S.K.: 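Let me give you the structure first, and then I'll get to my questions.
Small disclaimer: the values here were computed from a predicted structure and weren't measured.
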Amino acid sequence: MNKNIKNEMKIEFSSKSANEAFARISVAAFASQLDPTIEEIADIKTSVSEAVTNSIIHAYPNKDGIVKLRARLLEDEIEIEVSDTGEGIENIEEAKVPLFTTKGNLERSGMGFTIMENFMDELKVESIVGLGTKVTMNKKIKKTKELEKNTY
Amino acid sequence: MNVKHFIEDKVLLFEFTEELDHHIAEKIRKRSDYEIQRFMPKRVIMDFKKVNFMDSAGIGLIIGRYKSTNCYGGTLELMNVNNKIKRIFEMSGVLKIVPITSDFREAKQTG
Ligand SMILES: Nc1ncnc2c1ncn2[C@@H]1O[C@H](COP(=O)(O)OP(=O)(O)O)[C@@H](O)[C@H]1O
Ligand SMILES: [Mg+2]
């Protein structure tokens, strides 16, 4: 499954909540090269927002840290990686269960991973307690727009 | 967020004008609870007409305000929820406890 990487971007930023909008807007702008639909862009923005927010609030609960974001454009899909070097997740399967949260007191809903799973085509979560977490998400960008153009 | 008080009907309307993520939700939470606690409205309505982005922070925001209105007998309703936002609410099951009202006038009449 080694697809050609057409383009790649990386950004790193402090784990400040003001950067949530910056992160999702950056990925959306980068993804626009694949000519996605408005719906596809909305799904990508929501998923990036979920992953980045998780690193900001769960990985570094009481301190500032660095959140890394990498996006790659493959032939017909985008791959997004969000990683941190924070607390890590003890039980990944449990963390993915809808409504499961360890931060109910902060009005978290426990729906972050469920949304990423539903809005993207693939979701991979790797984590080691004390070392950090890496979330990799892929989404196919359909090529229907090309066909539409050709009919004119 | 714009806040509108309808004193005669005891209705409090929050019109969200921002992107509802974790960063913004933290700010809205404090302001909305302040308004709810000092006005104790019969019904609180949240208007999503001007929201063009929402993630799971919106779910937490609603469940939190459901609790702060429910505790003294008030109700919470949502309005102008587009399909994108609705899909996120539906995943969480929150619409089982917080109904969507088709428009504010109707909300006023049926209450
Ligand atoms: N980057 C991360 N670092 C540490 N823990 C995380 C991370 N991402 C998710 N988690 C854990 O997984 C749980 C579920 O995440 P999620 O589904 O996004 O729900 P929520 O963020 O609302 O709690 C979180 O409550 C947290 O315990
Ligand atoms: Mg989350």
S.K.: Given the rule that I, L, V, M, F, W and Y join up when any side-chain heavy atoms are under 4.5 Å apart, are Met79(B) and Val3(B) in one cluster?
M.R.: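 Met79(B) does not cluster with Val3(B).
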S.K.: Counting neighbours of NZ on Lys139(A) that are heavy atoms of other residues, nucleotides or ligands and sit closer than 6.0 Å, is the number greater than 12?
M.R.: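 Count over threshold, so yes.
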S.K.: How about CD1 on Ile7(B), more than 12 heavy atoms from neighbouring residues, nucleotides or ligands closer than 6.0 Å, or not?
M.R.: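 Yes.
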S.K.: Which bit of Ile115(A) is near chain B, if near means a heavy-atom gap under 4.5 Å: side chain, backbone, both or neither?
M.R.: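 For Ile115(A), backbone and side chain are both near chain B.
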S.K.: Identify whether Ile41(A) and Ile11(A) are in the same connected component of the hydrophobic contact network (ILVMFWY, side-chain heavy atoms under 4.5 Å).
M.R.: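 Not linked; separate clusters.
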S.K.: Could you have a look at Ala18(A), Gly104(A), Ala21(A) and say which one has the most heavy-atom pairs with chain B under 4.5 angstrom?
M.R.: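 Heavy-atom pair counts peak at Ala18(A).
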S.K.: Sequence neighbours excluded, which residues qualify as ring-ring contact (aromatic ring centres under 6.0 Å, His included) partners of Phe30(A)?
M.R.: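 For Phe30(A), no residue satisfies ring-ring contact (aromatic ring centres under 6.0 Å, His included) once neighbours in sequence are set aside.
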S.K.: Quick one: what part of Ile63(B) sits under 4.5 Å from any heavy atom of chain A, side chain, backbone, both or neither?
M.R.: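 Answer is neither: Ile63(B) stays 4.5 Å or more from chain A.
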S.K.: Where do Phe119(A) and Met91(B) land on the side-chain contact (heavy atoms from CB on, under 4.5 Å) test, with the steps shown first?
M.R.: CA-CA 11 Å; Phe119(A) 285 20; Met91(B) 275 183 207; 3.3 Å; yes
S.K.: Who pairs with Phe113(A) by ring-ring contact (aromatic ring centres under 6.0 Å, His included), at least two apart in sequence or on another chain?
M.R.: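 Per chain and number, Phe113(A) pairs via ring-ring contact (aromatic ring centres under 6.0 Å, His included) with no residue.
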S.K.: Please say yes or no: joined through hydrophobic side-chain contacts below 4.5 Å, possibly via intermediate residues, are Leu95(B) and Leu99(A) part of one cluster?
M.R.: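 Same hydrophobic cluster.
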S.K.: Report the residues that fulfil side-chain contact (heavy atoms from CB on, under 4.5 Å) with Glu94(A), sequence neighbours left out, ordered by chain and then residue number.
M.R.: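 Expected list: Asn91(A), Phe100(A).
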S.K.: Using a plain distance cut of 3.5 Å, could you tabulate donor-acceptor pairs between chain A and chain B?
M.R.:
unit_1    : atom_1 : unit_2   : atom_2 : d
Ser17(A)  : OG     : His23(B) : ND1    : 2.6
Ala18(A)  : N      : His23(B) : ND1    : 3.3
Glu20(A)  : OE1    : His22(B) : ND1    : 3.4
Glu20(A)  : OE1    : His23(B) : N      : 3.0
Glu20(A)  : OE2    : His22(B) : ND1    : 2.5
Arg24(A)  : NH1    : Asp21(B) : OD2    : 2.9
Arg24(A)  : NH2    : Glu19(B) : OE1    : 2.8
Arg24(A)  : NH2    : Asp21(B) : OD2    : 3.1
Ser49(A)  : OG     : Asp55(B) : OD2    : 2.7
Glu50(A)  : OE1    : Ser56(B) : OG     : 2.8
Glu50(A)  : OE2    : Ser56(B) : N      : 2.6
Glu50(A)  : OE2    : Ser56(B) : OG     : 3.0
Glu107(A) : OE1    : Arg65(B) : NH1    : 3.3
Glu107(A) : OE2    : Arg65(B) : NH2    : 2.8

